[in-house]
Amino acid sequence: MKKITKTILASSALLFAFAVNAQTETADVTLNVKLKGIHTITVNPAQTTVDLVYDTEAKYAAGVKLLQEDHLEIFSTGGFQVTASSSVDDIDNTVANGSHGSIAANTITISALEGTTKPITSSPKPSYSTGVALSKTGSTIVSYNKGAARKGINIEYGGGDSYLDYYVKDQGTSIYQTTVTYTLTAQ
């Protein structure tokens with residue numbers, strides 16, 4: 001029995017000595033998460049032309065409004081603002097080249113509204129501007145202090161009620177045309 005006890009003690013001592021002398025190896029890795037800014041804005045491809053049509057007495061008297069749902073799509077890492085601007089301050093007739101004058105761009109309004117199918121649902125909500133007069137210098141129509149991943153913004157275009165004298169006889173439809181540019185900037 002003494003021999004078994006000595007053997008067990010010797011084995012235990014050997015295991016203890018091995019455990020004490022065993023080394024633990026470690027290796028470190030530096031993990032970086034690199035975030036780069038992405039800011040994109042696109043116009044709904046089905047809505048790249050917007051027509052404010054004056055074809056009734058009521059429309060000439062009251063003006064015309066046209067809502068374009070999810071007109072803009074935004075992807076922004078971090079806060080952003082959207083501005084709208086016209087390519088010109090005075091919109092000429094595309095055929096008559098100003099023979100009946102120009103329509104002032106600031107008689108057309110842009111209203112930004114929450115998107116329909118892909119709204120920004122985070123709190124707080126973005127600041128949307130309505131009834132902003134179109135101009136060559138541009139104005140902010142959306143401001144938000146958070147990011148947005150493929151979120152929609154509705155835009156309502158409004159035409160004034162003072163276009164009676166801009167119709168050109170024998171033209172069929174008189175068209176006054178400008179390019180509206182939407183610009184997304186990081187905040």
Side-chain angles (χ1 to χ4, degrees), residues 28-54 59-60 62-94 98 101-163 166 175-187:
D28 295 331
V29 171
T30 300
L31 171 66
N32 296 313
V33 177
K34 295 183 176 184
L35 305 174
K36 296 188 177 194
I38 298 175
H39 307 282
T40 59
I41 184 169
T42 56
V43 174
N44 183 328
Q47 301 170 342
T48 57
T49 299
V50 176
D51 294 324
L52 297 177
V53 179
Y54 287 76
K59 289 179 182 178
Y60 274 101
V64 174
K65 290 191 177 189
L66 181 63
L67 177 65
Q68 299 289 287
E69 293 184 348
D70 294 318
H71 192 50
L72 304 177
E73 183 178 89
I74 305 294
F75 190 103
S76 180
T77 52
F80 64 90
Q81 70 177 17
V82 177
T83 59
S85 61
S86 170
S87 59
V88 295
D89 279 326
D90 297 311
I91 305 170
D92 289 329
N93 185 297
T94 59
S102 300
I103 293 176
N106 65 9
T107 63
I108 297 170
T109 59
I110 303 275
S111 295
L113 308 161
E114 184 175 314
T116 302
T117 59
K118 302 178 285 183
I120 297 171
T121 56
S122 302
S123 184
K125 295 280 188 178
S127 172
Y128 297 105
S129 298
T130 58
V132 175
L134 191 58
S135 71
K136 189 173 180 179
T137 57
S139 298
T140 299
I141 60 169
V142 180
S143 183
Y144 194 43
N145 64 359
K146 293 185 176 186
R150 295 188 191 108
K151 297 298 182 179
I153 297 173
N154 293 348
I155 299 292
E156 182 178 73
Y157 294 88
D161 60 358
S162 59
Y163 302 150
Y166 295 98
I175 299 173
Y176 292 78
Q177 185 178 74
T178 187
T179 300
V180 177
T181 301
Y182 292 98
T183 304
L184 175 70
T185 8
Q187 292 198 130

Checklist entry - Could you go step by step and tell me if S143 and Q187 meet the side-chain hydrogen bond (donor to acceptor under 3.5 Å, both in side chains) rule? => result CA-CA 9 Å; S143 183; Q187 292 198 130; 3.3 Å; yes
Next on the checklist: Side chains of S85 and T181 only: does a donor on one sit below 3.5 Å from an acceptor on the other?
Outcome noted: no
Checklist outcome for this item: In short, K151 meets I120 closest at the heavy-atom pair CB-CG1, 3.5 Å
Next on the checklist: How close do T178 and S86 get, counting heavy atoms only, and between which atoms?
Outcome noted: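 The pair with the smallest heavy-atom distance is OG1-OG, 2.8 Å.
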Is the side chain of [X] donor-acceptor paired with the backbone N or O of [Y] at a distance under 3.5 Å, no angle test?
| X | Y | answer |
| --- | --- | --- |
| E114 | P126 | no |
| N154 | D70 | yes |
| Y166 | Y176 | no |
| D89 | K136 | yes |
| N44 | A46 | yes |
| Y182 | T42 | no |
| S111 | G131 | yes |

Next on the checklist: Atom NZ of residue position K125 - does it have more than 12 heavy atoms of other residues, nucleotides or ligands inside 6.0 Å?
Outcome noted: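 Yes.
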